[in-house]
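For reference, the structure discussed in these notes is given below.
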Amino acid sequence: MLDRFALPLFAAPHRLVARACLRTGLSANAVTMFGAVIGLAALPTLAAQHYDWALALILLNRFLDGVDGTMARTGSAGPTDRGAFLDTVCDFLFYAAVPLGFALAGPATNALPAAVLLASFIGTASTFLAFAVAAAKRGMMSPTYPNKGFYYLGGLTEGTETILVFCAMCLWPQHFAWLAYGLAAACAVTTVTRLYFGAKSLR
């Protein structure tokens, strides 16, 4: 819901870093993979309860996620299907790694809310990707996110909301369970609305 407002705020710094990366000869896919390594490093960092470092890794991962897309759009090669594929897979692996890290940090208190949150991510991810496949077959493009590699179906919980909650979890890890259940409930709403929109839009 907030992505359409948050993304333009980072457009200028994304362009600045993207140009610097392109001048050094880096590819957008290389930045995607580097960002994925940074993001997945949050898992053992969270498990070790180094929440401040985990927060820094999460924020750096998300910043690089914007840089690689900017590089793809402004570079000579342009956006590619390979880039969109790598970016999407790395994003979902990262989103799964954070709740798992908290579960490992405190299994007795965090395992169940982490499992509920991961289950809710399955709902949002499956409805998102299933609609994107159908939309691609029909040549549909999102009017809200035309620069995405495929149809980006929004909802109550998008990337911005998820990252804000991840940051709150790192700042107040003692409240992980309540934050996880709250985000899971919002993801459930997103899943239901995407199911309704998808069923109504497709024949």
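Values below: all heavy atoms of this structure, side chains included; hydrogens, waters and symmetry mates excluded. Computed from a prediction, not measured in an experiment: that's the story for all the values here.
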ask   = Using 30° and 60° as the class limits, which term best fits the ring planes of F121 and F166: parallel, tilted or perpendicular?
value = perpendicular

message = If only side-chain N and O atoms count, and only distance matters, is there a donor-acceptor pair under 3.5 Å linking T157 with T190?
response = yes

remark   = In this structure, OG of S120 is separated from OH of Y181 (nearest 0.5 Å) by 11.5 Å

key: Side-chain touch F94/D65, heavy atoms, less than 4.5 angstrom   = no

message = List the residues meeting side chain to side chain donor-acceptor pair (under 3.5 Å) with N110, not counting sequence neighbours, and say none if there are none.
response = none

query = Roughly how far apart are I38 CD1 and L64 CG, rounded to 0.5 Å?
reply = 7.0 Å

ask   = Quick one: are L118 and Y95 in side-chain contact, heavy atoms under 4.5 Å?
value = no

message = Please tell me whether L59 and W172 are part of a single hydrophobic cluster in this structure, the criterion being side-chain heavy atoms less than 4.5 Å apart.
response = yes

ask   = Mind checking whether C90 and M33 have side chains closer than 4.5 Å, heavy atoms only?
value = yes

message = If I compare all heavy atoms of A105 with all of P107, which pair ends up nearest, and what's the gap?
response = C-CD, 3.9 Å

inquiry  = Same cluster or not: L43 versus V98, using hydrophobic residues (I, L, V, M, F, W, Y) connected whenever any side-chain heavy atoms lie under 4.5 Å apart?
reply    = no

task = Any chance you could measure F85, atom CZ, to D81, atom CG, to the nearest 0.5 Å?
result = 11.0 Å

note = In terms of heavy-atom contacts, T127 and G123 come closest through OG1-O, 2.8 Å

key: In one Ile/Leu/Val/Met/Phe/Trp/Tyr side-chain cluster, 4.5 Å: V37, L57   = no

key: Under 3.5 Å donor-acceptor, R15 side chain and T70 backbone   = no

inquiry  = Give me each pair satisfying salt bridge (charged side-chain N to carboxylate O under 4.0 Å, His left out) with a member in residues 83-104, each pair once, sequence neighbours excluded.
reply    = R62-D91

message = Can you give me the closest heavy-atom contact between C167 and L55, atom names plus distance?
response = SG-CD1, 3.5 Å

request  = Decide yes or no for V17 and P13: does some side-chain heavy atom of the first lie under 4.5 Å from some side-chain heavy atom of the second?
outcome  = no

task = Measure the shortest side-chain to side-chain distance between Y196 and T191 over non-hydrogen atoms and say whether it is less than 4.5 angstrom.
result = no

query = How close do T88 and A84 get, heavy atom to heavy atom, and via which atoms?
reply = OG1-O, 2.8 Å

Candidate pair V165 and E161, rule side-chain contact (heavy atoms from CB on, under 4.5 Å), full reasoning = CA-CA 6 Å; V165 176; E161 291 82 5; 5.7 Å; no

ask   = Taking all non-hydrogen atoms of both residues, which atom of C21 and which atom of V31 are closest, and how far apart?
value = SG-CG2, 4.4 Å

task = Assign the ring pair Y51 / F102 to parallel, tilted or perpendicular, where the plane angle (0 to 90°) is split at 30° and 60°.
result = parallel

message = Just so I know, are the side chains of E158 and T162 near enough to count as touching, which here means a heavy-atom distance under 4.5 Å?
response = no

message = Does any part of the side chain of L46, heavy atoms only, come nearer than 4.5 Å to the side chain of L100, both counted from C-beta?
response = no

key: Value rounded to 0.5 Å, distance of CZ in R19 from NE2 in H14   = 13.0 Å

query = Can you tell me how far CH2 of W178 sits from NE2 of H175, rounded to the nearest 0.5 angstrom?
reply = 11.0 Å

Within residues 27-41 or reaching into it, pairs that qualify as side chain to side chain donor-acceptor pair (under 3.5 Å) - sequence neighbours excluded = T32-D68

inquiry  = Could you measure the distance from the SG atom of C170 to the CH2 atom of W53? Nearest 0.5 Å is fine.
reply    = 13.5 Å

message = Using every non-hydrogen atom in the two residues, find where L26 and M71 come nearest and quote the distance to one decimal.
response = O-CE, 3.4 Å

query = Out of curiosity, does F131 fall in the hydrophobic cluster containing L195 (side-chain heavy atoms, cut-off under 4.5 Å, transitive links)?
reply = no

